[in-house]
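When a ligand or atom number is given, it counts from 1 through the structure's own listing order.
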Amino acid sequence: MGDKLEKLREMLGEVADISHASALLGWDQQTYMPPGGAKDRAFQLATLNSLAHSKFVSDEMGSALDAASQEIEGADLDSDEARLIKKTRHDYDKQSRVPTTWVAEFSRTGALAHPEWEKARAEADFSIFQPSLEKLIALRREYVEFFAPYDHVYDPLLDDFEPGIKTTEVKAVFDALRPRQVELIQAISEDGAPVDDSVVRQNYDVQKQWDFGVEVITALGYDFEHGRQDKSVHPFTTSFGIGDVRITTRFIPDFLNTSLFGSMHEAGHGMYEQGINPELGRTPLADGASLAIHESQSRMWENLVGRSRPFWKAFFPRLQSYFPELLDNVDLETFYRAINKVQRSFIRVDADEATYNLHIMLRFELEIALIEGSLSVADLPEAWNSKFEEFMGLIPPDDAKGVLQDIHWSFGGFGYFSTYALGNLVASQLWEKIVSDIPNMNEKIESADFKDLLQWLRENIYQHGAKYEPIELLKRVTGKELDYEPYMDYLETKFKEVYQL
Ligand code: ZN
C-alpha cells in the first residue's frame, strides 16, 4: 500500500471510530439507557455524528482522496484499493452536499423524536408523535433538495440504502409482484386447508425461549466471541467494527415466533457483518453491499432455512426438550404448519412470508407521498388505515397496531422499507444458486449442519463487504439481474403444499 492510500485509510479509520462510538451510544439508548438519559444522549449523538460528518467531508479528506486515487491509477478495478477509492468517492460526493449543520439538526431531532414515538406507541396516540414526525419530514424534504436535480424526489433517499437503484425500478417490481402475491393470499384464505397455530400461541417461558434461541443461532454460526445478544423494544443489529457485531431480540410470552424468528433474522444480519474481510475494517467497505443484500441474508436464515421442514426435523426435538409440557404431544407437521400460517395481520415484523411484502408496499407508497408532499403528516394515520384496508382487507384497531408500529420513522429513516421486500427477492435468487452449488443442502439442514452454507455465503457475499453495488454483486454471484420470479416460485411452491392447494 502506498503512502497516500495509507494516509487516506488513517483518516477514514478516524471517521469509522467516531461512527462506531456513536453506534455504541445508539445501541445503549435502545437497550440499557434509563429514560432520563434521552436528552443528554441526543446531544452526544448529534455531536459525534456531526463530527464524523465534518471530518469525512473536509477539504483535507478530499485532497487525500484525490492523492490516493492518483497513486493507485492503473490498479485492477476489482482490487480492494480501487474499490475503496470508488466507494469513498461515491460517499464523499454525496455527503459533501449535506451541510454539517443539517446533520447535527437531523441527529438531534431524531434522538428527541424517538422517546416521543415510544410514548405515542405505548398510548396508541399518533398526535403525541405528530409534531416530531413533521419536523423529520421537513428535514428529509430539505435533504433531498441537496441532491437536485434528481429523476424522482425519492431517489436520493433510496440511494442511501440501495446504491444504484431507482424509485421507478422498485415501483415497477412492486407493481408486477403485488397482484401475484394478492392472488396467492386469496387462494389460501378461500381454498386452503385450515392451519391451526395454537401450538405457537401457548405460554412459553421467556428464559427458556432465550436459551433455545441462543442454541439455534449458535448452531447457525452467529459468533458470540464477536457479538452479543440483548433485549430491545424493536430488534436490530449494530456493528462497532468487524469484531463486535451485536444483535437484539424481544419476547412475547404467548407467541413463540417473535423472538425465535427475530433472533434468527438478526443473527443473519450479524453473521454477514462478522464475515466481512478484516482487511476492510475501519473503512467505508466494512459494511453490507446495501440494505437489500443485508436483508436477503437475514431473511434467508430466518425463512428459507428457519421456516423450512428440514430445519425443524433437526430442531423440533430440541425445542420439545425445552418445553416438554407444551410440545410433547405435538407432531412435527402440526408445528411446521403452525409456524407457516398465512394470515392477514397488522404487524409487519410478525407477518408471515406470504403477506409480508404487502406491508412494505404500503409503506413505500406512503413514504413517497410524504416526501412528495402530496400527503400531510396530519393525514397520515387515515391514509395508513385506508391503504391497509385496500391491501389487506383489514383496518387497524388503533395507531399502535397501525401507523406507529415501526421504529424507522422515529429517527427519520425514510427510503429504507423497500429494501426489506427487495431482500426477500434477492434471498430467493441466491438460494437457487446455493442449492445448485451445494449438493444435498436439505439433508445438511436436516442434520443441523450449516457449515457449507455459511462458507458459501462468506465466500460469495460476506467477505466482500461493500466492495460491490447490490445489483453488481447479485450479477457476479447469480449471473442475473434482480428478478422476482424465484421468490414467487418459492412462495407458491411452499404455500400450495402447506395449504394443500
Ligand atoms: Zn432485517
Side-chain angles (χ1 to χ4, degrees), residues 23 26-27 30-31 157-158 160-163 165 170 213 216-217 220-222 227-240 245-252 257-276 287-307 339 347-364 367 405-411 413-431 454 457 461-462 465-466 470 473-474 482 487 490:
W27 169 84
Q30 289 181 54
T31 50
L157 296 171
L158 191 58
D160 284 348
F161 305 111
E162 289 309 309
I165 297 182
V170 177
V216 166
I217 62 177
L220 299 180
Y222 178 75
R228 54 178 285 139
Q229 181 178 252
D230 292 271
K231 294 180 198 171
S232 68
V233 175
H234 197 103
F236 64 96
T237 300
T238 186
S239 167
F240 316 135
V245 182
R246 303 189 189 185
I247 61 176
T248 68
T249 189
R250 66 168 166 176
F251 294 91
I252 299 180
N257 293 11
T258 301
S259 88
L260 178 56
F261 294 108
S263 283
M264 281 193 245
H265 180 99
E266 298 307 328
H269 284 303
M271 288 187 281
Y272 186 2
E273 299 261 345
Q274 288 176 336
I276 295 172
D287 200 352
S290 76
L291 284 193
I293 302 294
H294 234 304
E295 197 64 11
S296 76
Q297 296 313 299
S298 55
R299 302 232 133 221
M300 184 183 291
W301 288 105
E302 176 194 355
N303 293 328
L304 295 156
V305 176
R307 283 184 217 259
I339 57 167
I347 304 295
R348 174 185 65 84
V349 293
D350 292 334
D352 57 80
E353 291 179 82
T355 58
Y356 186 89
N357 281 357
L358 298 183
H359 290 267
I360 298 307
M361 293 170 191
L362 169 141
R363 288 156 176 78
F364 181 68
E367 281 196 0
Q405 65 183 272
D406 290 308
I407 194 172
H408 307 65
W409 293 344
S410 83
F411 55 78
F414 292 89
Y416 198 119
F417 280 116
S418 62
T419 68
Y420 290 135
L422 298 175
N424 282 329
L425 311 193
V426 173
S428 289
Q429 282 190 265
L430 292 175
W431 194 253
L454 187 60
L457 291 168
I461 310 283
Y462 299 175
L473 179 66
L474 185 65
L482 181 68
Y487 174 67
Y490 160 75

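If you count the protein N, O or S atoms nearer to the Zn ion (ligand 1) than 2.8 Å, you get 3.
Relative to the six-membered ring of Y356, R299 meets both conditions, a distance below 6.0 Å and an angle of at most 45° to the axis. Stacking of R307 on the aromatic ring of F261 is recorded, both the 6.0 Å distance cut-off and the 45° axial limit being met.
Put simply, the side chain of E266 does not reach to within 4.5 Å of the side chain of T248, judged on heavy atoms. Between E295 and H269, the closest side-chain pair of non-hydrogen atoms falls below 4.5 Å.
Residues satisfying the salt bridge (Lys or Arg N to Asp or Glu O under 4.0 Å) test with R250, not counting sequence neighbours, are none.
Using modelled atom types, one finds a donor on one side chain and an acceptor on the other under 3.5 Å when comparing N357 with N424.
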